[in-house]
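What follows is a set of notes on a single structure, which appears directly below.
Note that these values count all heavy atoms, side chains included, but never hydrogens, waters or copies made by symmetry. Residue numbers start at 1 and run along the sequence shown.
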Amino acid sequence: MARNEEKANSMLNRWVMMKQEERVGSLRKRPAIASECAKLSEAERWRHQLLREISQKVGEIQNPALGEHRIRDLNDDINRLIREKYHWERRIVDLGGANYSRAPRVLDKEGNEALGPSGYKYFGEARNLAGVKELLAQPEPSADAKKTKRDVTRLINADYYGFRDDEDGVLEKLEAAAEERLREEQIASWRAAMEDKKKLMGEKAMDLDDDGVGQDMREVVEQMEQEFTAHVPIPDKAEVEAALLEQRKKELLSKYLSDELVTELQSAEQQVKVVTGHVVH
């Protein structure tokens, strides 16, 4: 009979191994971090491998003859594998695969869901360990227990804040009726105020001229125009033209003459004006 080494090196076994590697990829260790996997097929394969390991360990932990330390180690391994399976399921969703988060929960051989606080579960004989029975036998929190902020806000949605109140059309009809009623009340109030104003002003105030201005208002405007007096001297046309001519003359002198020559001309003009004033007097 051929030895195992010869069987492994036979042409048929080598061809079978080659086809298996092409189908499932080369055999290698499962990545410790799920994000390192970039292929959906590999992520699916690692998840199935975890399910097989979890199933194997859940069946093994049912044996009460294993001993306390072995049972605790197996229970820790099962919880660790379940957490790792959750990471791979999230990675499968990221790669565009199926969502396994809604899959059935891990059960024991009797079909019961694993129990435990704070996300840590106890399987098989781990429930009968010292201290675990007392932990699992604690009563469930009553409905009257104090709720946390997360429990209070868990069911709050857009309906709670009234964001979708007008989608059924009932509120819109009520608002239209209320708007029409308020409009009519405002119009009636305005008309009553105008009637009272007409009565107070009397017939004389309402007697307007052809251009729409009352006689009393016209008399007041005419009186104000007669009483108006200007406290600032207003220059006439000749003074404005002389000032513009002087300004233009200064601009031309500053453009074609130097600053020193302009200063001398201005001083000479002032002296001429002074002398002319003395002569006139």
Side-chain angles (χ1 to χ4, degrees), residues 13 16-141 143 145 147-157:
N13 288 334
V16 171
M17 293 295 295
M18 181 185 68
K19 289 297 182 181
Q20 183 178 4
E21 289 182 359
E22 291 178 357
R23 185 176 68 257
V24 299
S26 59
L27 298 178
R28 59 187 180 89
K29 187 177 179 181
R30 183 172 65 244
I33 302 176
S35 59
E36 295 179 355
C37 180
K39 295 182 179 180
L40 179 60
S41 58
E42 292 186 0
E44 294 275 3
R45 181 161 63 93
W46 297 132
R47 178 181 176 274
H48 287 301
Q49 185 183 56
L50 284 168
L51 289 176
R52 289 194 297 269
E53 293 180 6
I54 292 172
S55 178
Q56 179 183 357
K57 291 183 181 294
V58 168
E60 186 179 354
I61 203 175
Q62 309 298 329
N63 186 5
L66 292 176
E68 180 180 354
H69 298 290
R70 178 57 181 165
I71 292 174
R72 290 186 183 275
D73 292 341
L74 282 174
N75 199 76
D76 292 340
D77 291 341
I78 294 172
N79 281 274
R80 178 182 56 79
L81 291 173
I82 291 175
R83 290 194 299 270
E84 189 174 353
K85 180 179 73 71
Y86 171 72
H87 294 312
W88 280 106
E89 289 175 351
R90 288 197 308 176
R91 183 56 181 168
I92 291 173
V93 174
D94 295 340
L95 294 175
N99 187 4
Y100 295 102
S101 60
R102 300 178 181 178
R105 299 180 181 273
V106 180
L107 307 176
D108 57 10
K109 66 176 183 178
E110 299 177 355
N112 299 324
E113 185 179 355
L115 303 177
S118 303
Y120 189 89
K121 306 299 181 182
Y122 293 93
F123 299 86
E125 291 299 321
R127 301 179 183 180
N128 300 325
L129 296 175
V132 178
K133 284 185 177 182
E134 294 78 4
L135 179 64
L136 299 179
Q138 292 180 357
E140 294 290 335
K147 295 183 179 180
T148 61
K149 183 178 180 180
R150 181 178 181 181
D151 296 335
V152 174
T153 59
R154 183 168 56 89
L155 301 177
I156 293 179
N157 51 20

Test E60 against R70 for side chain to side chain contact (heavy atoms under 4.5 Å, CB included), laying out the working first. CA-CA 10 Å; E60 186 179 354; R70 178 57 181 165; 3.0 Å; yes

After noting the C-alpha distance and the side-chain angles of R52 and Q56, does the key distance pass the side chain to side chain contact (heavy atoms under 4.5 Å, CB included) rule? CA-CA 6 Å; R52 289 194 297 269; Q56 179 183 357; over 6 Å; no

So CD of Q49 and CD of E84: to nearest 0.5 Å the spacing works out to 9.0 Å

Within a strict 4.5 Å, meaning less than it, do heavy atoms of the Y122 and I78 side chains meet? no

Which residues share a salt bridge (Lys or Arg N to Asp or Glu O under 4.0 Å) with R72, sequence neighbours left out: E68

Excluding sequence neighbours, so at least two apart, what forms salt bridge (Lys or Arg N to Asp or Glu O under 4.0 Å) with R90? none

Going from SG on C37 to NE2 on H87, what distance comes out if it is rounded to the nearest 0.5 angstrom? 15.0 Å

Test side chain to side chain contact (heavy atoms under 4.5 Å, CB included) on D76 and Y120 and set out the steps. CA-CA 9 Å; D76 292 340; Y120 189 89; 2.2 Å; yes

Where the side chain of R91 meets the backbone of A43, is there a donor-acceptor pair that is under 3.5 Å apart? no

As an exercise, state the distance from CZ of R127 to CD1 of I71, rounded to the nearest 0.5 Å. 13.0 Å

N79 vs R83 side-chain heavy atoms within contact, under 4.5 Å: yes

In short, P31 meets W88 closest at the heavy-atom pair O-CZ2, 3.7 Å

Which atoms form the tightest heavy-atom contact between A126 and N75, and what is the distance? CB-OD1, 3.5 Å

Could you give the distance from OG (S41) to CG (L95), rounded to the nearest 0.5 Å? 9.5 Å

Under the rule for salt bridge (Lys or Arg N to Asp or Glu O under 4.0 Å), what residues qualify as partners of E44, not counting sequence neighbours? none

Evaluate the side-chain proximity of E125 to L66: yes if any heavy-atom separation is below 4.5 Å, no if none is. no

Kindly indicate whether the side chain of E53, heavy atoms from C-beta on, has any atom under 4.5 Å from the side chain of K85. no

With side chains defined as the heavy atoms from C-beta onward, is the minimum distance between I82 and K121 less than 4.5 Å? no

